[in-house]
There are 2 protein chains.
Amino acid sequence: MKRPRRGRPGKVELDFDIVVDAALQMADDDGLEGLSMRKLADDLGAGVMSLYYYIEDKEALVDAIVDRVAAEVEPAPAEADWKESTRHLAMATHQALLRHPWAIPLWSSSRPGPHRVTLMEQILAALASADLDADVVDLGFHAVVNHVQGFARQRVGFQTARSTDEARLRPGGFDVDLDEFPHVVAHIDYHRSGHGRHDEFAFVLDLILAGLERLPGS
Amino acid sequence: MKRPRRGRPGKVELDFDIVVDAALQMADDDGLEGLSMRKLADDLGAGVMSLYYYIEDKEALVDAIVDRVAAEVEPAPAEADWKESTRHLAMATHQALLRHPWAIPLWSSSRPGPHRVTLMEQILAALASADLDADVVDLGFHAVVNHVQGFARQRVGFQTARSTDEARLRPGGFDVDLDEFPHVVAHIDYHRSGHGRHDEFAFVLDLILAGLERLPGS
DNA sequence: ACCTGAACACCGTTCAAGT
DNA sequence: ACCTGAACACCGTTCAAGT
């Protein structure tokens with residue numbers, strides 16, 4: 001089960017992007033807890049400590065790969081109005097997060113890099129271009145961001161528990177008897193069985209955007 | 001910097017609750033990454049491996065302390081209507097999360113224990129008792145849950161970066177020049193400077209609840 | 001039934017050094 | 001300027017054993 005090496009120990013071509021690329025690949029393959037400095041160096045055929053010439057520490061590396069995910073979000077087309085732009089950015093972010101599920105819990109907790117700041121700027125700019133009160137812009141920003149993150153989280157959560165039986169038996173490491181929780185069971189079943197709307201993410205997103213217009217200024 | 005011990009090595013009183021209590025305390029004191037099996041055993045004056053008699057592994061222990069946080073959320077008073085109940089549960093959850101910030105990223109990613117399932121049941125039951133379509137109940141549930149988690153996350157995020165200057169200089173480990181991001185700067189300033197509404201959490205929550213009533217059924 | 005130490009297979013990072 | 005190995009200070013957990 002040895003990993004393939006890119007070169008012989010002794011001299012290896014390395015730079016920031018090569019390190020971050022390999023780290024992103026490793027997180028995609030093995031999840032966040034599968035990413036270690038030592039395995040990463042091994043993958044690259046370098047000594048562990050060589051990595052530290054290009055990055056401060058592991059945390060900075062993780063910040064960097066999260067920012068790579070943010071970089072995958074394309075800007076909205078120039079001719080889009082505020083609602084279309086916001087919608088585009090939210091959907092593209094949602095898709096990027098589903099491509100890199102390990103990034104979901106990090107999306108708001110790790111500190112933002114340049115691409116994530118750019119993404120924030122684009123969303124805020126789109127909302128600001130609407131005829132909305134400053135309070136409503138702020139509120140809308142958080143509503144959209146929370147929706148994106150919350151929905152992605154929920155989605156990968158349900159991927160984990162495949163069958164209803166599995167969910168019934170151990171919703172945690174605990175033995176929770178779901179018979180006592182009829183609404184929870186109904187909720188799980190609702191989500192499991194196609195539940196009417198095929199794209200609930202977009203549906204709720206549109207509700208949020210429509211809601212913003214109807215809001216009293218201040 | 002030795003930790004105080006509760007007994008002499010050789011014989012210690014231990015049970016599931018004692019272990020979980022100590023783990024919760026340690027997470028509150030030192031954060032999640034400050035919680036280690038070895039330090040925990042030390043705290044309790046026990047050998048590390050003694051802990052494994054009561055818990056499966058560290059992950060199960062973390063699930064348990066997260067569930068303890070859920071246990072702190074009081075049920076809504078019986079006479080409350082659906083909106084008051086939902087509001088109560090959301091606010092109480094928000095406060096519990098602020099008391100245990102380490103639990104915020106775990107709130108939706110770790111698997112729910114009995115108390116968190118109970119909390120879900122209560123929220124779902126409250127929404128179901130309203131005269132809302134099943135789709136709207138589902139949508140409202142996620143809107144409320146996302147709001148609680150997203151807002152808590154945002155709140156502790158801002159606690160980290162104290163001054164505007166600090167945020168300007170390094171929003172990440174990156175050197176992002178915020179001058180290029182005027183809307184982001186405005187957004188940060190808006191949040192920093194009292195921003196009109198004193199309790200934005202409750203304000204947005206009420207908007208969500210009011211919005212649910214106005215929604216078309218299906 | 002309950003608790004244990006030794007050992008294993010890992011981590012991230014400091015440091016002083018090599019080219 | 002770039003890369004390194006040895007060492008340090010940690011981890012969580014398996015195992016075989018003790019009472």
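Lettering follows sequence order; numbering is per chain, from 1.
Between A:Val117 and A:Pro112, the shortest heavy-atom distance links the atoms CG2-CB, 4.0 Å. Here the shortest heavy-atom pairing between B:Phe141 and B:Ile123 reads CD1-CG2, 3.7 Å. Of all the heavy atoms in A:Ala27 and A:Ile65, the pair that sits closest is CB-CD1, 4.0 Å. Summarising the geometry of B:Pro105 relative to A:Arg153, their closest heavy-atom pair is O-NH1, 3.6 Å, with the distance given to 0.1 Å.
Look at the C1' atom in both D:dC11 and C:dC8: the space between them is 12 Å, to the nearest Å.
Applying the side chain to side chain contact (heavy atoms under 4.5 Å, CB included) rule to B:Asp15 yields the partners B:Asp17, B:Ile18, B:Tyr54; only residues at least two apart in sequence or on another chain are considered.
A salt bridge is defined here as a Lys NZ or Arg NE, NH1 or NH2 lying under 4.0 Å from an Asp or Glu carboxylate O, and A:Asp206 with A:Arg87 meets this definition. Using a cut-off of 4.0 Å between Lys/Arg side-chain N and Asp/Glu carboxylate O, A:Arg68 and A:Asp21 are scored as salt-bridged.
Between the CG atom of B:Leu14 and the P atom of D:dT19 there is a distance of 19 Å, given to the nearest Å. The separation between A:Leu51 atom CG and D:dC2 atom P is 15 Å, rounded to whole Å. Rounded to a whole Å, the CG atom of B:Asp15 is 17 Å from the P atom of C:dA1. Summarising the geometry, the separation between CD on A:Glu13 and P on D:dC2 is reported as 10 Å, rounded to the nearest angstrom. Distance CD1 (A:Ile18) to C1' (D:dC3): 14 Å, rounded to an integer number of Å.
When the side-chain nitrogen and oxygen atoms of A:Tyr53 are compared with OP1 and OP2 of D:dC2, one or more of them lie within a distance under 4.0 Å.
Candidate nucleotides D:dC2, C:dT4, C:dC3 were compared by shortest atom distance to the side chain of B:Ala46, and C:dT4 ranks first.
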Here DNA chain C, pairs taken as Watson-Crick or G-U under 3.5 Å and shown with ( ), [ ] when crossing and | when to another strand, reads ||.|||||...|||||.||

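A donor atom on one side chain and an acceptor atom on the other are found under 3.5 Å apart for B:Gln149 and B:Ser108. No side-chain donor from either of B:His187 and B:His183 sits under 3.5 Å from a side-chain acceptor of the other.
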Which atoms of nucleotides 12-16 of chain C (N or O only) lie under 3.5 Å from a protein N or O atom, and what are those distances?
{"unit_1": "C:dG12", "atom_1": "OP1", "unit_2": "A:Met37", "atom_2": "N", "d": "3.2"}
{"unit_1": "C:dG12", "atom_1": "OP1", "unit_2": "A:Lys58", "atom_2": "NZ", "d": "3.0"}
{"unit_1": "C:dG12", "atom_1": "OP2", "unit_2": "A:Met37", "atom_2": "N", "d": "3.0"}
{"unit_1": "C:dG12", "atom_1": "N7", "unit_2": "A:Arg38", "atom_2": "NH1", "d": "2.4"}
{"unit_1": "C:dG12", "atom_1": "O6", "unit_2": "A:Arg38", "atom_2": "NH1", "d": "2.8"}
{"unit_1": "C:dT13", "atom_1": "OP2", "unit_2": "A:Tyr52", "atom_2": "OH", "d": "2.5"}
{"unit_1": "C:dT13", "atom_1": "OP2", "unit_2": "A:Lys58", "atom_2": "N", "d": "3.1"}

